[in-house]
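Structure first, then comments.
Quick note: numbers below take in every heavy atom, side chains included, and nothing from hydrogens, waters or symmetry partners. None of the values given here were measured: they were computed from a predicted structure.
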Amino acid sequence: MDWLPKRVARGWRQVGEAVRGRYEAPVVGRLIERAIALTLRTCGGVPWLAPMGEAVAQAWRDGSSQPVEAMVERLDPAEAAAGRGAFVDAARSLSAEGPLRQPGMLVPEGDPVRSLVAEGLKRMPTRLCFGGIEPKLVGDTFETDAEFRDYTQRCLGEVRYDKLAQPLLDGRDPKKITAPRSLGRRRTTEELLHVPLP
């Protein structure tokens with residue numbers, strides 16, 4: 001588990017509480033988006049994204065994970081932690097697997113930086129939240145591991161990773177990274193009165 005500043009940990013704790021309460025998947029998805037954006041904003045983004053992308057590209061060309069491992073060795077431990085561990089895990093995974101060819105991914109084949117961002121963002125919720133709460137919730141809130149994973153996968157399916165990835169790919173100031181805006185209509189109080197509580 002990565003060390004996280006209190007403010008960031010609070011964002012992931014809200015996600016965990018929503019999962020414990022079995023909130024609707026779109027609600028949990030929006031909380032995950034906020035937690036990811038807060039993590040990236042507070043922790044300064046991923047400053048070594050471009051060099052790590054180059055290491056992944058070199059690993060793909062060489063057929064060896066050695067370039068990525070060498071890059072990870074050069075990272076200051078504080079740079080590899082603080083919410084960025086998911087990107088280190090993603091780089092290691094990508095260097096072992098080669099270019100992502102998964103259906104439904106918006107990643108051009110052979111673009112290591114895009115692949116790294118996509119995979120790193122997708123790993124953040126599990127690394128920073130779900131992995132830690134699963135043992136506590138299975139057998140209590142959820143009957144089985146499979147039920148927990150099914151629920152969290154539905155929630156992760158609601159996350160707009162492409163919108164979260166764009167600021168990283170554009171090289172924007174990490175302090176300006178925000179969660180994507182909700183496009184849905186807010187429910188009126190009258191509509192909410194008829195929604196059963198979880």
Side-chain angles (χ1 to χ4, degrees), residues 1-5 8-40 42-43 46 52 56 65 68 72 80-107 109 112 114-166 168 177 179-180 182-184 195-198:
M1 180 84 166
D2 294 345
W3 173 85
L4 297 170
V8 173
R10 190 169 38 244
W12 288 107
R13 199 167 31 255
Q14 287 175 341
V15 172
E17 290 166 5
V19 170
R20 175 175 280 132
R22 295 186 78 142
Y23 288 23
E24 294 178 7
V27 172
V28 178
R30 298 300 81 80
L31 289 172
I32 292 169
E33 290 173 353
R34 283 194 222 149
I36 289 173
L38 178 63
T39 302
L40 293 171
T42 304
C43 299
V46 187
M52 187 63 82
V56 169
S65 60
V68 169
V72 171
R84 299 183 194 109
F87 290 89
V88 172
D89 293 347
R92 284 180 165 144
S93 175
L94 288 170
S95 69
E97 296 171 8
L100 284 178
R101 292 185 179 94
Q102 296 178 4
M105 286 200 70
L106 301 174
V107 177
E109 186 176 314
R114 283 190 182 277
S115 297
L116 181 57
V117 169
E119 188 68 16
L121 289 172
K122 287 186 179 206
R123 288 172 180 257
M124 285 180 81
T126 300
R127 183 176 175 105
L128 301 176
C129 182
F130 297 154
I133 65 172
E134 182 177 5
K136 297 172 189 167
L137 297 182
V138 172
D140 180 27
T141 305
F142 299 92
E143 295 282 323
T144 64
D145 290 335
E147 183 184 0
F148 175 83
R149 282 192 220 102
D150 179 54
Y151 174 79
T152 56
Q153 286 305 312
R154 282 196 319 267
C155 295
L156 291 171
E158 296 291 332
V159 177
R160 296 167 290 175
Y161 292 106
D162 55 336
K163 295 200 183 290
L164 289 163
Q166 206 54 52
L168 292 172
I177 295 175
S182 293
L183 299 176
V195 174
L197 295 175

Pairwise distance [atom1]([X]) to [atom2]([Y]) - rounded to 0.5 angstrom:
X: Arg149; Y: Thr126; atom1: CZ; atom2: OG1; answer: 10.5 Å
X: Asp140; Y: Ile133; atom1: CG; atom2: CD1; answer: 11.5 Å
X: Leu38; Y: Leu31; atom1: CG; atom2: CG; answer: 12.0 Å
X: Leu168; Y: Gln166; atom1: CG; atom2: CD; answer: 9.5 Å
X: Ile32; Y: Thr39; atom1: CD1; atom2: OG1; answer: 11.5 Å
X: Ser65; Y: Leu94; atom1: OG; atom2: CG; answer: 11.5 Å

For [X] against [Y], the heavy-atom pair lying closest together:
X: Val46; Y: Leu40; answer: CG2-CD2, 4.2 Å
X: Ala90; Y: Gly120; answer: CB-N, 3.6 Å
X: Glu134; Y: Asp145; answer: OE2-OD1, 3.5 Å
X: Met124; Y: Phe87; answer: SD-CE1, 3.9 Å
X: Val56; Y: Pro112; answer: CG1-CB, 3.9 Å
X: Gly29; Y: Val159; answer: O-CG2, 3.8 Å

Inset, instruction - Begin with the C-alpha distance, continue with both residues' side-chain angles, and end with the deciding distance and a verdict on side chain to side chain contact (heavy atoms under 4.5 Å, CB included) for Met52 and Val72. - result: CA-CA 8 Å; Met52 187 63 82; Val72 171; 3.8 Å; yes
Inset, instruction - Could you tell me whether Arg123 atom CZ has more than 12 heavy atoms of other residues or ligands within 6.0 Å of it? - result: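 It does: Arg123 CZ has more than 12 such atoms within range.
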Inset, instruction - Determine whether Thr141 and Val19 make a side-chain contact, defined as any pair of heavy atoms from C-beta on separated by less than 4.5 Å. - result: no
Inset, instruction - For the residue pair Phe148 and Phe130, categorise the inter-ring angle as parallel (less than 30°), tilted (30 to 60°) or perpendicular (more than 60°). - result: perpendicular
Inset, instruction - Return the set of residues passing side chain to side chain donor-acceptor pair (under 3.5 Å) with Arg92 (not counting sequence neighbours), or none when no residue passes. - result: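 Listed in chain order: Glu69.
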Legend entry - Counterpart residues, side chain to side chain donor-acceptor pair (under 3.5 Å), relative to Gln153 (two or more places apart): none
Legend entry - Stepwise side chain to side chain contact (heavy atoms under 4.5 Å, CB included) check, Lys122 with Leu156: CA-CA 8 Å; Lys122 287 186 179 206; Leu156 291 171; over 6 Å; no
Inset, instruction - Only counting residues at least two apart or in another chain, list the ones meeting salt bridge (Lys or Arg N to Asp or Glu O under 4.0 Å) with Glu158. - result: none
Inset, instruction - Check the pair Phe142 / Arg22 against side chain to side chain contact (heavy atoms under 4.5 Å, CB included), numbers first and verdict last. - result: CA-CA 9 Å; Phe142 299 92; Arg22 295 186 78 142; 3.5 Å; yes
Inset, instruction - Decide side chain to side chain contact (heavy atoms under 4.5 Å, CB included) for Arg160 and Arg30; before the verdict, give the C-alpha distance in whole Å, the side-chain angles of both, and the deciding distance to 0.1 Å. - result: CA-CA 9 Å; Arg160 296 167 290 175; Arg30 298 300 81 80; 3.3 Å; yes
